[in-house]
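First up is the structure itself, then whatever we jot down about it.
In the text below, chain A, chain B and the rest are named by the order of the sequence lines, each starting its count at 1. Source: prediction; values computed, not measured.
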Amino acid sequence: MIAIIDYGAGNIKSLQFALAKLNKESVLTTDPQVIRNASSIILPGVGAFKDAMDAINKIGLSDVIKQEVQAGKPILGICLGMQLFYDKSYEDGDWDGLGLLKGNVSRIKETVKVPHMGWNTITKHNKSLLTLHLPDDFYVYFVHSYAVEELEEATLVGSTEYGGRIPAIVQQGNITGMQFHPEKSGDIGIQLLANYEEMIS
Amino acid sequence: MLAKRIIPCLDVDKGRVVKGKKFQNIQDVDDPVALAKRYNEAGADELVFYDITASNEERDIFLDVVEQVAKEIAIPFTVGGGIRTVEDIHQVLRSGADKVSINSAAVTNPQLIKDAALKFGSQCIVLSIDAKEVAPNQWNVFTKGGRYDTGIDAIQWAKQGEELGAGELVINAMDSDGEKDGYNISLTKAIADTVNIPIVASGGAGIKEHFLAVLEQGADAALAASVFHYDEIQIPDLKIYLQENNIIVRRERK
């Protein structure tokens, strides 16, 4: 059972539907016990960084997530969910993230339209099972205004170009992040989720 | 590179997709879920669903359609029509929509855009503007399905929408809507030059050249309904044509 952390607003139903297509059972939850018993965790992405961290802290999930990840449980962060893995975000202030990965989150430079919205291509970096069976570059659906900076290069699996390089797929051990929405990226997105599920099984 | 988007728009009434000309002569055309699947397979980049009745009784039927669509297709879609409160937005997002399009309610209550953007994030709040030319190069915002002139300047309203936190604008040129004479390029361009958020051009698509023209002139996406519903333009053909004319589009390699 996959625990999808349900920390408030937004469309997480699509993610559940996508997992169902892969015959993966998932549950929307904020219950620490359910999260501890789950085979893996997905931290989805909606809304603002501070609100999300506040919500996670308020229901006391910050420590649960950190402990489970340290114990080796696979976690996938999608969009804002991926950004929450990092040390800090500068979204309307200066906020601490979960600190599972080294790096910061900053606003996309205003030399391009913000939010970065639509289908953009992924360029592969470090080899990973995540991008197996996928072409050298492929389109996925992005919608975000902030992006990760100063990450460790060894964790970068895929990036896109939008007013500079934007980390799009990151992986470090049992921690995986996708800045785009695989559940909204058509057949390619489903393939990415299938690869992820295969990788952690 | 970020691709320009092609977006079929589906007007939904009592659970069916309908298409009228200039908001009149509404006729039944298809089942929304079947159409959504077809467009997804054809390579549509996004979909828009408008609840055109938006009466309370039929809201549940519409929300059910939204959920069915989310279940069947894995591309993003926007929902509009009858969105008046933060709770309305919450409902459609929870039903599986990715973005919510707000039109008249934002004119009456601009704070709604601000509250919604703060709560759900700008990325899912779309401000939809119905504009009509009232004097040469002067476009006003219209509401109530195009019947009421608010007197508000459309370009100023677009700018204000961005400041309030909208993450995208749909610019619906009401003079050209349903006429198939082409998008309103000057209006779209004027707004694209004023704001720094993505712009979806709407109203007037009849032939492939119309898409090319508006995507070359500032639009990030082009929305259309009847040309797709009635198979006058095939999305794969349209994308090949755009690509041949140096527009970056997404074409999945099978």
> Within a radius of less than 6.0 Å around NZ of A:Lys66, do more than 12 heavy atoms belonging to other residues, nucleotides or ligands occur?
Replying inline: yes

> Where does B:Arg250 contact chain A at under 4.5 Å (heavy atoms): side chain, backbone, both or neither?
Replying inline: both

>> For A:Met1, I'd like to know if atom CE has over 12 heavy atoms of other residues, nucleotides or ligands within 6.0 Å.
In response: yes

>> Quick check on B:Val100 against chain A: is it the side chain, the backbone, both or neither that has a heavy atom closer than 4.5 Å?
In response: neither

> So which part of A:Ser185 gets closer than 4.5 Å to some heavy atom of chain B, the side chain, the backbone, both or neither?
Replying inline: backbone

>> Using heavy-atom distances under 4.5 Å, tell me whether A:Gln16 contacts chain B through its side chain, its backbone, both, or neither.
In response: neither

> With respect to chain A, which residue among B:Ser95, B:Ser122, B:Pro198, B:Ala117 yields the maximal number of heavy-atom pairs within a distance under 4.5 Å?
Replying inline: B:Pro198

>> Are there over 12 heavy-atom neighbours, none belonging to A:Glu25, within less than 6.0 Å of that residue's CD?
In response: no

> Are the side chain of A:Asn120 and the backbone N or O of B:Ala3 linked by a donor-acceptor pair below 3.5 Å?
Replying inline: no

> Got A:Ile12 and B:Arg94 here, is their nearest side-chain heavy-atom distance under 4.5 Å?
Replying inline: yes

> Where is the tightest heavy-atom contact between A:Met117 and B:Glu168, given as atom of each residue plus distance?
Replying inline: SD-OE2, 2.9 Å

> What part of B:Asp220 gets closer than 4.5 Å to chain A, counting heavy atoms only: side chain, backbone, both or neither?
Replying inline: side chain

> What part of B:Leu118 is in contact with chain A, defined as an atom under 4.5 angstrom from a non-hydrogen atom: side chain, backbone, both or neither?
Replying inline: backbone

> Which atoms form the tightest heavy-atom contact between A:Tyr141 and B:Lys99, and what is the distance?
Replying inline: OH-NZ, 3.4 Å

>> Less than 4.5 Å to any heavy atom of chain A: does that hold for the side chain of B:Lys4, its backbone, both, or neither?
In response: neither

> Does a sphere of radius 6.0 Å around NZ in B:Lys114 hold more than 12 heavy atoms from other residues, nucleotides or ligands, not counting ones at 6.0 Å or beyond?
Replying inline: no

>> For a side chain to side chain contact (heavy atoms under 4.5 Å, CB included) check, start with the C-alpha distance between B:Ile197 and A:Lys113, then their side-chain angles and the critical distance, and finish with the verdict.
In response: CA-CA 5 Å; B:Ile197 53 179; A:Lys113 291 188 179 189; 5.8 Å; no

>> B:Glu87: which residues meet the salt bridge (charged side-chain N to carboxylate O under 4.0 Å, His left out) condition with it, sequence neighbours left out?
In response: none

> Around atom NZ of B:Lys189, are there more than 12 heavy atoms of other residues, nucleotides or ligands at under 6.0 Å?
Replying inline: no

> Within a radius of less than 6.0 Å around NZ of A:Lys21, do more than 12 heavy atoms belonging to other residues, nucleotides or ligands occur?
Replying inline: yes

>> Using only non-hydrogen atoms and a strict under-4.5 angstrom cutoff, which residues of residues 64-75 of chain B touch chain A?
In response: B:Glu67, B:Ala70, B:Lys71, B:Glu72, B:Ile73, B:Ala74, B:Ile75

>> With a 4.5 angstrom heavy-atom cut-off, is it the side chain or the backbone of A:His116 that approaches chain B, or both, or neither?
In response: side chain

> Is there side-chain contact between A:Lys184 and B:Phe77, with heavy atoms separated by less than 4.5 Å?
Replying inline: yes

>> Check this for me: A:Gln67, atom CD, are more than 12 non-hydrogen atoms of other residues, nucleotides or ligands nearer than 6.0 Å?
In response: yes

> What heavy-atom pair brings A:Tyr139 and B:Ile248 nearest, and what distance separates the two atoms?
Replying inline: OH-CG2, 3.4 Å

